[in-house]
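Here is the naming used below: chain letters follow the sequence lines, and residue numbers restart at 1 for every chain. Quick caveat: nothing in here was measured; it's all calculated off a predicted structure. Basis for what follows: all heavy atoms, side chains included, without hydrogens, waters or symmetry-related copies.
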There are 2 protein chains.
Amino acid sequence: MRERSRPSAARASGAPAIVSLDLVCCAAAGRHLAVLVRSGGRASAMMLPWTALDPATAIDAAAARFAREQLGRAPVWIAQVGASGDGRRHPSGASLSVCYVAVLPAGTPAPDGMEWVAAPDLTGLASRQQAMVPAAVAALRDRMDIAPIAFRMLAPEFTLSELQQVYELLLGRRLHKASFRRALQGAYLVEPTDSWRSEGRGRPAQLFRYAPRKRRGVRRSVRFELLG
Amino acid sequence: MRERSRPSAARASGAPAIVSLDLVCCAAAGRHLAVLVRSGGRASAMMLPWTALDPATAIDAAAARFAREQLGRAPVWIAQVGASGDGRRHPSGASLSVCYVAVLPAGTPAPDGMEWVAAPDLTGLASRQQAMVPAAVAALRDRMDIAPIAFRMLAPEFTLSELQQVYELLLGRRLHKASFRRALQGAYLVEPTDSWRSEGRGRPAQLFRYAPRKRRGVRRSVRFELLG
DNA sequence: GACTTAAGTCGCAGAAAGATACTAATTGCG
DNA sequence: CGCAATTAGTATCTTTCTGCGACTTAAGTC
């Protein structure tokens, strides 16, 4: 089990780290989803931020605190992806790793010692961490229709085109503009502001903010389409 | 940290168990979802089946093997629910627990030392295990439209009314018969057999089997309804 | 002023989903 | 036997949802 540079928190007690807590921090960046990696000195030694899990602390709280420490600020959203532990390598040598996915607004600068890498370009991680990235992205995609993840990836005031781009990013496919806006309108999730933003060429876009209004619980119909 | 009767596998080595692997085994039982519990001698000392996680084994494989051991057969479906570790109590005293949800066909008899308890009646578990039950049910509900969970909860040949009852069980609401069948028909997931089953009162029902046919990938539209 | 680009809107055609009502086949009972 | 009760399965109508192309609006560019 090889070891290179590791975060100072790891194995501080001298006891071997049994369980690691790993973080996939995501932000929208143009057409890609960017992930924060710690580049340990050389470019080839990239790793996701991780720490040894303190058995005395609640794990969700530990993840939130670790994210705040690493980012210098609280993420706008965080959730557990899952636990993984098998033959694949982890920088810590931990036999078990619990992965969390955190979301930051687009344009957040990378903290010292870290950098944003587009998710598809992210290679060369230890194999267990490598597998966490698609799992974290899938977790985002799966939960974006029950939590306002896409909205949190934007500044508090945003254009509907920006929002649509985030949805297209996470879903991995293009959406139809009119249909997207109609669905959004019907959900009473945003309210217009008085501001407009002119960005280069075309007509200025109106700015909106996330302001969900209470609605009676809508129950979706049974979907067999993805089964099989 | 109190301890009562525990499975023999736990702490066999004498070292304290750091991570537990817990199992929520589910089966449809009438109008309720039933969960397998180990009733340790007295009725009050119920617990979910759990074991100490062996750091040397891949966790998914360990969960599958533990389920097979406990059930005397392989479950028809199993998936990880997540890791939980906080102040709440666990029978093992473990600081971290990884929960898996397993599915068995309706009517499966409880193994020795275990019994089926309807999920709503399941109280008196250690608090961390208590929280696993709704989380496991939610995991089933969330994944039933991407994995054939409902079909696996039935015998290989089943009636459409039985299938609908399972869906209603997992979704927690009534479905419309005609709409359910129309959607099922359109998904090409089942094929009729030549058998019919007469069960007491009304008209005999035709038996179907799960036989998904390949279809082009259907992409669902953006859903904002559950957001907010 | 004409062209380009992007934002935002309109309306239609087809698909999907809900409801009601209907037919069909069996058991229970007088 | 004949009829009510019960459950399975189907037909049809209506409403809603969704994909899509076409359109208008407002800016920059030449």
Rounded to whole angstroms, how far apart are CG on Leu175(B) and P on dG9(D)? 16 Å
Aromatic rings Tyr210(B) and Phe151(B): how do their planes relate, parallel, tilted or perpendicular, breaks at 30° and 60°? tilted
Stretch residues 176-186 of chain A: residues that reach within less than 4.0 Å of DNA chain C through a heavy atom: Lys177(A), Ala178(A), Arg181(A), Arg182(A)
Restricting to non-hydrogen atoms, name the atom on Phe66(A) and the atom on Thr51(A) that form the minimum distance, rounded to 0.1 Å. CE1-CB, 3.6 Å
Ignoring hydrogens and geometry, is there a side-chain-to-backbone donor-acceptor pair from Arg38(B) to Leu48(B) under 3.5 Å? no
Exceeds 12 heavy-atom contacts within 6.0 angstrom, atom CD of Gln185(A): no
Taken to the nearest whole Å, CD/Glu199(A) to C1'/dT4(C) is 17 Å
When we call it a touch if two heavy atoms are under 4.0 Å apart, what does Arg223(B) touch: a base, just sugar-phosphate, or nothing? sugar-phosphate
Phosphate OP1/OP2 of dC29(C): any Arg201(B) side-chain N/O under 4.0 Å: no
If only side-chain N and O atoms of Ser221(B) are considered, is one of them under 4.0 Å from the OP1 or OP2 phosphate oxygen of dT18(D)? yes
Side chain of Ser198(A) only, please: which of dT26(C), dG9(D), dA27(D) is the nearest? dA27(D)
Taken to the nearest whole Å, CZ/Arg203(A) to P/dC23(D) is 17 Å
Look up atom CD in Gln206(B) and atom OG1 in Thr159(B), then write down how far apart they are to the nearest 0.5 Å. 10.5 Å
Would you jot down, in residue-number order, the residues of residues 145-169 of chain B having a non-hydrogen atom under 4.0 Å from DNA chain C? none
Return the nearest nucleotide to the side chain of Pro204(B); candidates are dG9(D), dA17(C), dT26(C). dT26(C)
Tell me: CH2 of Trp196(B) to P of dA8(D), nearest whole Å? 12 Å
Integer-rounded Å distance: dG8(C) P and Arg197(A) CZ: 11 Å
Nearest whole Å is fine: how far is dA17(C) C1' from Glu225(A) CD? 12 Å
When you check the gap from the basic side-chain N to the acidic O, do Glu168(A) and Arg173(A) get nearer than 4.0 Å? no
Just by distance, do the side chain of Ser20(A) and the backbone of Asp22(A) share a donor-acceptor pair under 3.5 Å? no
Quick check: Phe158(B) with Phe208(B) (ring centres under 6.0 Å apart)? no
Donor-acceptor contact below 3.5 Å, side chain Trp116(A) vs main chain Ala29(A): no
